[in-house]
Amino acid sequence: MSRHWLMKSEPDAYSWDDLVEQGEGIWDGVRNHRAKNNLAAMQEGDTAFFYHSNIGLEIVGVVEISEGGLTDPTDPTGKWAAVKVKPKQKLRHPVTLKQIKAEPRLADCELVRQSRLSVAEITPAEWEVILEMSKG
DNA sequence: GCCAACGTTGGC
DNA sequence: GCCAACGTTGGC
């Protein structure tokens with residue numbers, strides 16, 4: 001049973017378009033324990049929303065975990081986790097943070113509850129709600 | 001082991 | 001640019 005996630009990136013540093021251009025990206029540099037636990041729990045085939053923080057403040061696409069269980073190559077101590085992701089589909093309409101906060105069914109999601117968490121889990125129900133919203 | 005001070009992240 | 005939330009550090 002695959003799980004769902006949400007991964008934040010500042011588009012200035014790494015945007016959806018950057019990922020599409022490269023075909024596959026490694027998600028590293030996470031230095032938060034809760035986010036790391038989420039990264040470490042990801043398995044190949046899981047899917048994740050790609051969220052633009054700071055600029056945009058919206059979910060722009062869906063990525064698939066292409067390789068899980070990696071150690072962060074940018075971390076000399078080898079304690080932190082990383083995964084590889086591939087772009088799967090761009091949302092027809094981005095789902096903004098504003099919309100997410102206005103949706104009662106999403107009030108409990110990790111993104112809303114702990115806004116600074118860079119890698120959050122999305123429940124199957126929340127996943128469906130967001131996908132539905134992206135269809136406009 | 002507690003807690004105040006400080007730094008960072010991210011929304012507004 | 002400000003501020004709230006959260007994590008980390010360091011003195012005790």
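In the text below, chain A, chain B and the rest are named by the order of the sequence lines, each starting its count at 1.
Take Y51(A) and apply the ring pair (Phe, Tyr, Trp, His ring centres under 6.0 Å) test, not counting sequence neighbours, and it matches no residue. Checked against ring pair (Phe, Tyr, Trp, His ring centres under 6.0 Å), W27(A) has the following partners two or more places apart in sequence or in another chain: F50(A). Scanning for side-chain hydrogen bond (donor to acceptor under 3.5 Å, both in side chains) contacts around D17(A) gives an empty result, with sequence neighbours left out.
The nearest whole Å value for the distance from the CD atom in Q114(A) to the C1' atom in dA4(C) is 13 Å.
Other residues sharing a hydrophobic cluster with W80(A) under the 4.5 Å side-chain heavy-atom criterion for ILVMFWY residues do not exist; the residue is a singleton.
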Nucleotides 8-12 of chain B: which of its N/O atoms have a protein N/O under 3.5 Å away?
| from | atom 1 | to | atom 2 | distance (Å) |
| --- | --- | --- | --- | --- |
| dT8(B) | O2 | R116(A) | NH2 | 3.1 |
| dT9(B) | O4' | R116(A) | NH2 | 3.3 |
| dT9(B) | O2 | R116(A) | NE | 3.2 |
| dG11(B) | OP1 | Y51(A) | OH | 3.1 |
| dG11(B) | OP2 | N54(A) | N | 3.1 |
| dC12(B) | OP1 | K101(A) | NZ | 3.0 |

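Among residue pairs with one or both ends in residues 34-47 of chain A, those qualifying as salt bridge (Lys or Arg N to Asp or Glu O under 4.0 Å) are R34(A)-E110(A); sequence neighbours excluded.
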